[in-house]
Amino acid sequence: MTTDTLERLQRLDYLIRTKSTGTPPKLAERLGISERCIYKYLNLMKDFGAPIKFSNARQSYYYDEDGSFIVNFSFRKAASSVVAFFLMFNA
């Protein structure tokens, strides 16, 4: 994953938490990516447990439970260097 990908995931999480994503085409335009990529990001987040739903009334994605999508990097040094990267939904 690139830095751009992580930044988009964080931005997408914020927009979902604030229920201000808009429709998939508007969200794609807002993030500067294709609509197809929007669906890939949403599916990735869902694979990590994010309970994402779409409201037709609000025309926005939202989390079905309170929480946030956490992108975390952790570096631990032991006998051999280990780098861990975590993506998860925190309810």
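These numbers come from a predicted model, not from an experiment. Count residues from 1 along the sequence.
- Atom OG1 in Thr23 sits 8.5 Å away from atom OH in Tyr61 (nearest 0.5 Å).
- To the nearest 0.5 Å, atom CD1 of residue Ile52 and atom CE of residue Met45 are 4.5 Å apart.
- Side chains of Gln10 and Tyr14: a donor-acceptor N/O pair is absent below 3.5 angstrom, by distance only.
- Within 6.0 Å of atom NZ in Lys53, 12 or fewer heavy atoms from other residues, nucleotides or ligands are found, so the atom counts as exposed in its surroundings.
- Side-chain contact between Phe54 and Gln59 is present, with at least one heavy-atom pair separated by less than 4.5 Å.
- Separation of atoms CD1 (Ile33) and OH (Tyr41) is listed at 5.0 Å; rounding is to 0.5 Å.
- In summary, the side chains of Ser60 and Thr21 do present a donor paired with an acceptor at a separation below 3.5 Å, with no hydrogens or angles considered.
- Atoms NZ and CG, on Lys26 and Leu15 in that order, are 13.5 Å from each other to the nearest 0.5 Å.
- The minimum heavy-atom distance linking Ser68 with Arg17 is given by the pair CB-CD, 3.5 Å.
- Under the 4.5 Å side-chain heavy-atom criterion for Ile, Leu, Val, Met, Phe, Trp and Tyr, Leu31 and Leu44 are members of the same hydrophobic cluster.
- The distance from the OG atom of Ser20 to the CG atom of Leu27 is 9.5 Å, given to the nearest 0.5 Å.
- Annotation: the span from Leu9 atom CG to Asp4 atom CG amounts to 11.0 Å, rounded to 0.5 Å.
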